[in-house]
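If you're wondering where the values come from, they're calculated on a predicted model, not measured in any experiment. Just follow the structure's listing: the first ligand is 1, and inside any ligand the first atom is 1.
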Amino acid sequence: MELIFEKSVAGRACDILGACDCDYVDLPQDVLRAQPPKLPELAEVDVTRHYTELCHHVHGVNCGFYPLGSCTMKYNPRIDEEIAALPGFQRIHPLAPQHAVTGCREVLDLARSYLCKISGMDNMTFQPAAGAHGEFTGVLLIKQYHDSRGDTARTKIIVPDSAHGTNPATAAMCGYEVVNIPSAPDGCVDLDALANALGDDTAGLMLTNPNTVGLFDQNILKITAMVHEAGGLCYYDGANLNAVMGVVRPGDMGFDCIHMNLHKTFATPHGGGGPGACAVGCKEFLSEFLPKSALMDEAGHLQVRSFAGNFLVVVRALTYLMSMGREGIPEAAHNAVLNANYLMRRIQGTFEPAFDRICMHEFVLDLSEFKKETGVSALDVAKSLIDYGMHPPTMYFPMIVHEALMLEPTETESKETLDWAAGVFAELYELGKTNPAVMHEAPHHAQIGRPDEVRASRTPVLRWYPQEEGSAAL
Ligand SMILES: *Cc1c(COP(=O)(O)O)cnc(C)c1O
């Protein structure tokens with residue numbers, strides 16, 4: 001389809017802005033443009049159709065099943081959007097005087113108290129804009145704690161090999177040496193490997209539980225005790241909290257600080273770049289290191305983002321928490337686990353789970369045998385799902401499983417949808433055996449089939465240059 005710039009017709013416009021009622025200010029010549037910006041000129045109907053057409057070219061959770069493992073792509077109730085759209089929340093200014101935003105302060109305080117209860121933490125900041133940003137904040141808390149005690153010899157953060165890539169990246173960005181420890185054959189932390197890695201130089205451990213293969217580590221109390229024994233702190237990556245919220249608390253598992261991706265677990269749509277928000281919680285002894293926020297009057301030294309972070313995401317999270325209630329939150333977790341186990345067992349017998357035991361909110365299929373037999377890879381299956389109107393699961397992650405497909409159906413899918421999805425997987429299993437060639441070419445009905453992923457990520461084309469300027473589109 002054409003870009004909106006290419007659809008532009010000089011002089012065509014939609015006249016929706018009234019006359020400017022502000023005084024004009026004479027800016028110095030050297031900051032003025034030589035020419036007006038080349039903005040597209042279109043009628044309102046053309047703009048509407050353009051964006052509606054774009055909408056039809058993407059797959060969102062409102063279009064169909066979206067079992068993208070580790071991302072918790074759940075349906076988010078419209079009430080959360082409605083509340084976040086209230087003018088009292090949406091039209092505030094971050095520099096508004098405190099007395100004018102008492103309602104917003106109450107939202108932050110309430111959300112903080114609920115999320116502290118759910119996580120078993122004592123204090124919390126909402127400043128970080130995403131999970132990775134929250135990890136960065138949390139590990140800085142750990143660093144400041146050690147520094148404040150003059151304990152500067154702790155230079156290493158331990159991360160299991162099943163961890164999300166953001167964990168080692170965070171530790172490295174905070175100046176730590178990353179110590180990768182292999183998982184045990186059951187997919188959980190290898191206690192011997194952990195014991196070997198621990199020492200006087202351990203600053204901490206980063207862990208998610210349930211982990212990225214969807215398994216709850218039953219040695220968790222032992223693990224956190226071992227790290228504490230060595231003088232390190234324990235960081236909980238809460239991206240998988242959807243499996244356990246209201247059921248068990250990271251604080252009770254022995255973790256000292258955690259992040260919760262509000263855009264995964266607590267009702268903000270995500271994918272496509274945000275906005276996200278991350279609650280970083282900690283135990284009381286780390287509270288003094290939390291980022292300072294203008295709105296929350298927190299004492300501290302860090303400032304990881306302006307003001308109170310992505311405030312409207314917190315409004316959505318609080319609406320979700322209050323509409324679900326004390327009973328609804330654990331019920332959502334239980335249903336997320338039930339749905340994952342149901343779908344795993346329905347698919348089993350064709351594509352096989354990497355770990356044949358009860359999973360939590362997600363599970364990983366191992367297609368390496370299937371690939372050996374048929375030549376059809378996890379990528380081919382993922383691409384083929386697109387033709388059925390299903391978003392592909394997470395592929396080739398975690399790295400400890402080869403030819404991995406990681407599915408997380410979430411609690412918001414019905415039994416009918418799960419049965420349909422199992423049927424699609426069964427069909428593809430048969431197709432792979434009878435006509436693998438057709439799967440190598442999939443998808444057959446998408447706008448873009450198989451982009452050059454490396455080139456797309458290394459040299460993305462993010463700007464469009466008008467032809468007449470002589471600089472062709474890159
Ligand atoms: C999504 C995810 C993250 C990173 O969170 P973002 O909000 O995407 O930055 C970290 N760890 C795990 C296990 C995740 O699933």
Side-chain angles (χ1 to χ4, degrees), residues 61 66-74 76 115 119 125-140 157 159-174 178 180 183 187-189 205-217 220 234-245 250 253 255 257-281 304-305 309-310 313-314 316-317 336 340 359-364 391 393-401 404-410 457:
V61 80
Y66 203 138
L68 190 69
S70 207
C71 291
T72 311
M73 302 299 290
K74 60 167 85 179
N76 297 299
L115 290 171
S119 60
T125 175
F126 292 111
Q127 260 190 23
H133 197 191
E135 291 171 31
F136 181 66
T137 309
V139 172
L140 284 183
I157 293 270
V159 181
D161 62 359
S162 62
H164 194 272
T166 50
N167 292 184
T170 292
M173 274 191 72
C174 292
V178 180
N180 229 300
S183 302
C188 294
V189 170
L205 165 81
M206 297 181 82
L207 200 67
T208 178
N209 193 29
N211 64 15
T212 54
V213 287
L215 302 177
F216 190 90
D217 203 314
I220 192 61
C234 298
Y235 181 87
Y236 183 87
D237 175 338
N240 295 332
L241 197 74
N242 207 46
V244 295
M245 58 178 178
M253 297 181 208
F255 287 94
C257 62
I258 92 165
H259 83 257
M260 289 175 270
N261 310 55
L262 300 187
H263 47 284
K264 286 182 183 172
T265 312
F266 298 104
T268 291
H270 72 293
C278 195
V280 171
V304 296
R305 201 173 183 280
N310 279 334
V313 178
V314 184
R316 289 178 177 88
C359 66
M360 295 296 288
H361 60 304
E362 63 193 1
F363 60 94
V364 179
H391 193 284
T394 298
M395 308 179 297
Y396 299 100
F397 177 79
M399 261 113 76
I400 55 174
V401 177
L405 286 181
M406 180 198 226
L407 285 89
E408 178 182 5
T410 81
S457 83

Distance in Å, His259 NE2 paired with Thr137 OG1, rounded so as to fall on 0.5 Å steps: 10.0 Å

Nearest 0.5 Å, please: how far is CG in Leu407 from CG in Leu68? 9.5 Å

What are the polar N/O contacts of ligand 1 with the protein below 3.5 Å, with distances?
from, atom 1, to, atom 2, distance (Å)
ligand 1, 5 (O), Asn261, ND2, 3.0
ligand 1, 7 (O), Gly131, N, 2.7
ligand 1, 7 (O), Asn261, ND2, 3.1
ligand 1, 7 (O), His263, NE2, 2.7
ligand 1, 9 (O), Gly131, N, 3.2
ligand 1, 9 (O), Ala132, N, 2.8
ligand 1, 11 (N), Asp237, OD1, 3.3
ligand 1, 11 (N), Asp237, OD2, 2.5
ligand 1, 15 (O), Ser70, O, 2.7
ligand 1, 15 (O), Ser70, OG, 2.6
ligand 1, 15 (O), Lys264, NZ, 2.9

So how far is it from Leu241 CG to Met260 CE, rounded to the nearest 0.5 Å? 6.5 Å

Given His164 and Phe397, is the side chain to side chain contact (heavy atoms under 4.5 Å, CB included) satisfied, shown in steps? CA-CA 9 Å; His164 194 272; Phe397 177 79; 4.3 Å; yes

Ignoring hydrogens and angles, state whether a donor on the side chain of Thr72 or Asn242 is under 3.5 Å from an acceptor on the partner side chain. no

When rounded to the nearest 0.5 angstrom, what is the spacing between CD in Glu135 and CG in Leu140? 11.5 Å

